[in-house]
Amino acid sequence: MKEKIEQLRKKVEEFKSETPQHLEEFRIRILGKKGELTEMFDEFKNVASEEKREIGKLLNEVKILVQQKLKSQKELFDNVETGKNIADKTLPANADNPGSRHPVNLAKNEILEIFTRLGFTVADGPEIEDDWHVFSALNFPPNHPARDMQDTFFIEQNPDILLRTHTSSIQVRTMERQKPPIRVVCPGRVFRNEAISARAHCIFHQVEGLYIDKNVSFADMKQTLLYFAREMFGENTEIRLRPSFFPFTEPSAEMDVSCKICGGKGCNICKYTGWLEVLGCGIVDPNVLEACGIDSKEYTGYAFGMGVERLAMLKWQVKDLRLYFENDVRFLEQFQSVI
Ligand code: DAH
């Protein structure tokens with residue numbers, strides 16, 4: 001008998017009701033007319049008199065336990081029904097899962113922050129643009145391949161309207177609106193008609209920079225970009241400028257930074273060259289200045305443009321561009337500790 005009572009006590013202690021109905025079934029199973037405890041009380045009559053005291057005590061204890069259990073479990077359901085907080089209100093609140101900033105935003109904010117420290121302001125412009133702001137004003141010849149449907153998304157009804165392929169269009173808008181000196185950085189989303197792969201996407205982000213004043217030189221640009229590279233990738237970073245071509249700058253260059261993974265010795269990230277390409281730049285072509293109403297005899301300037309995803313890839317060694325667009329929480333959560 002003692003053993004049976006013990007087993008019942010255990011069962012009651014472990015019991016957790018899932019629904020009010022489940023709780024009622026539990027009550028009937030234990031305290032109902034044919035309930036386990038009711039039957040034990042019946043059997044109690046047959047217990048030898050010298051054991052009665054001890055067994056009676058055990059039975060009563062289990063009965064009290066059952067009643068307490070019924071009461072506390074019922075309260076849980078009552079509170080849920082009335083919307084009352086069942087938890088101890090004096091406990092500190094449970095922290096929600098904190099979100100994290102998107103790595104593209106983190107990289108973009110860092111780039112902008114570095115340039116605003118140098119006195120650049122942030123300028124914005126539309127994603128749906130016209131041919132003038134994306135191509136013509138930027139000195140693209142009429143048959144330039146970028147003007148091709150293969151590279152640019154055009155609006156079918158009107159080929160003059162297109163999705164901007166670079167944020168250099170904001171450079172044009174700024175020059176049209178503002179008199180020099182001009183010092184702006186232009187972040188934004190850009191669109192290109194590309195097949196999506198680990199290294200290319202039809203949507204990505206750029207930050208473009210533009211500096212126009214009297215006597216602005218290539219050396220000014222180089223110094224500014226060196227400062228940027230060291231702030232972004234670390235103080236020991238070196239830069240290298242390679243001659244290149246863009247319709248809107250002359251001369252034009254592409255800038256590499258020394259690979260911070262191998263310190264320039266060569267690894268698979270820098271393809272054993274010791275250098276990583278990060279941006280395009282150059283001295284603004286006088287044709288561009290004139291197209292935007294700025295006297296190219298009085299003013300000169302430099303411009304540069306970079307892909308935000310590319311910089312983020314280099315910073316965090318993410319090798320597949322698609323990860324930035326899939327919004328897989330497991331990927332994004334890794335950036336929680338980066339501010
Ligand atoms: N617009 C260029 C691109 O999308 C990037 C660029 C290169 C911008 C050189 C510039 C520049 O302003 O001077 O690839």
Side-chain angles (χ1 to χ4, degrees), residues 108 111-112 115 120 122-125 127 129 131-141 144-148 150-153 162-176 180 182-194 199-213 216-226 228-229 239-257 276-289 291-292 294 296 299-311 313 321:
K108 181 194 78 177
I111 298 165
L112 294 182
F115 284 105
F120 284 77
V122 179
D124 201 0
E127 291 177 353
E129 268 289 8
D131 177 280
W132 171 257
H133 290 96
V134 176
F135 298 129
S136 297
L138 286 162
N139 202 33
F140 278 79
H144 193 283
R147 291 175 179 253
D148 201 309
Q150 239 84 64
D151 296 289
T152 304
F153 290 111
L162 47 99
L163 297 179
R164 67 178 175 201
T165 54
H166 53 185
T167 47
S168 308
S169 52
I170 309 176
Q171 168 183 148
V172 176
R173 288 187 177 274
T174 308
M175 286 192 280
E176 284 174 339
I182 294 172
R183 222 171 350 176
V184 285
V185 268
C186 320
R189 196 155 56 149
V190 300
F191 308 84
R192 288 189 197 173
N193 200 350
E194 304 236 21
R199 299 180 60 105
H201 208 287
C202 56
I203 304 174
F204 58 101
H205 299 76
Q206 287 188 331
V207 173
E208 152 114 4
L210 175 71
Y211 183 24
I212 312 262
D213 204 348
V216 175
S217 70
F218 200 89
D220 294 331
M221 178 182 86
K222 208 169 120 185
Q223 213 46 44
T224 306
L225 293 179
L226 175 63
F228 164 71
I239 63 165
R240 167 173 95 166
L241 292 169
R242 283 178 290 108
S244 184
F245 174 79
F246 300 104
F248 33 91
T249 44
E250 183 59 37
S252 305
E254 245 150 314
M255 185 177 97
D256 300 340
V257 293
L276 299 162
E277 184 188 319
V278 291
L279 55 81
C281 56
I283 296 296
V284 182
D285 193 299
N287 290 342
V288 175
L289 296 177
C292 301
I294 291 177
S296 64
Y299 292 103
T300 50
Y302 63 76
F304 55 86
M306 63 191 96
V308 180
E309 281 81 359
R310 170 144 185 90
L311 262 73
M313 274 171 125
L321 197 60

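Counting starts at 1 for both ligands and their atoms, in listed order. The residues of the chain are indexed from 1 along the displayed sequence.
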Using the six-membered ring wherever Trp is involved, compare the ring planes of H166 and F140 and label them parallel, tilted or perpendicular (cut-offs 30° and 60°). perpendicular
How are the rings of Y302 and Y211 set to each other: parallel, tilted or perpendicular (split at 30° and 60°)? perpendicular
Whether T152 side chain and R147 backbone form a donor-acceptor pair below 3.5 Å: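 Answer holds: no.
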Do the side chain of E309 and the main chain of H205 share a donor and acceptor less than 3.5 angstrom apart?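 Yes: the side chain of E309 pairs with the backbone of H205.
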Taking C-beta and beyond as the side chain, do M255 and M306 meet within less than 4.5 Å on heavy atoms? no
A side-chain contact here means heavy atoms from C-beta on lying under 4.5 Å apart; do F135 and T165 qualify? yes
Within the protein, residues bringing a heavy atom under 4.0 Å of ligand 1, chain by chain: H166, S168, Q171, R192, Q206, E208, F246, F248, T249, G280, C281, G282, A303, F304, G305
